[in-house]
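Below is one structure, written out as structure tokens, with a few remarks after it.
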Amino acid sequence: AGPGWICNHFFNSGIYDVAFTTAFAHPPIVTVQLVGTPGLFGPPMPLITSSTAGGFRVTMWGFAFTDYSFNFIALSER
């Protein structure tokens, strides 16, 4: 977590819920970049499966649901 957001992670599920401590005026445009060494089956594909003004959900999709580090950028007007 960092200033302005928190992340809830469901262990071994590949699901990450990111919540903004102060919501945006509108749902932001979110980009995700994977960080780390690919595993045995390569890196997963990060999918943003929901997004609201208050946060978003990232689901890692691949051979199996896998936990994987990522960075994100969220852009919107406040």
Side-chain angles (χ1 to χ4, degrees):
W5 61 275
I6 57 170
C7 181
N8 293 311
H9 173 241
F10 303 95
F11 184 71
N12 251 358
S13 68
I15 297 174
Y16 301 82
D17 285 332
V18 177
F20 306 119
T21 54
T22 302
F24 286 96
H26 306 283
I29 296 170
V30 180
T31 62
V32 173
Q33 179 182 11
L34 298 176
V35 177
T37 305
L40 180 62
F41 299 104
M45 181 184 344
L47 302 173
I48 298 168
T49 52
S50 68
S51 179
T52 68
F56 62 95
R57 173 174 277 188
V58 175
T59 302
M60 298 296 174
W61 186 257
F63 177 74
F65 289 111
T66 184
D67 296 337
Y68 210 91
S69 298
F70 64 92
N71 291 324
F72 73 87
I73 295 174
L75 298 172
S76 182
E77 57 186 304
R78 286 248 179 219

For His26, check ring pair (Phe, Tyr, Trp, His ring centres under 6.0 Å) against everything at least two apart and list the hits.
none
Straight-line distance of Leu47 CG to Ile15 CD1, nearest 0.5 Å:
11.0 Å
Quick check against the 3.5 Å criterion: does Asp17 have a side-chain atom that pairs as donor or acceptor with the backbone of Arg57?
no
Can you name the side chain to side chain contact (heavy atoms under 4.5 Å, CB included) partners of Leu75, sequence neighbours left out?
Ile73
What distance separates Phe20 CZ from Ile6 CD1, expressed to the nearest 0.5 Å?
11.0 Å
CZ of Phe24 to CD1 of Ile29, rounded to nearest 0.5 Å, is 11.0 Å
Can you find a heavy atom in the side chain of Pro28 that is under 4.5 Å from one in the side chain of Ser51?
yes
Under 4.5 Å between any side-chain heavy atoms of Pro46 and Tyr68, yes or no?
no
Over all heavy atoms of both residues, which pair between Ser13 and Asp67 is shortest? Give the atoms and the distance, please.
N-OD1, 3.5 Å
ILVMFWY cluster, Leu34 and Tyr16 together (side-chain gap under 4.5 Å):
yes
If you round to the nearest 0.5 Å, how far is CE of Met60 from OG1 of Thr49?
10.5 Å
Spatial distance of atom SG (Cys7) from atom CZ (Phe72) [nearest 0.5 Å]:
8.0 Å
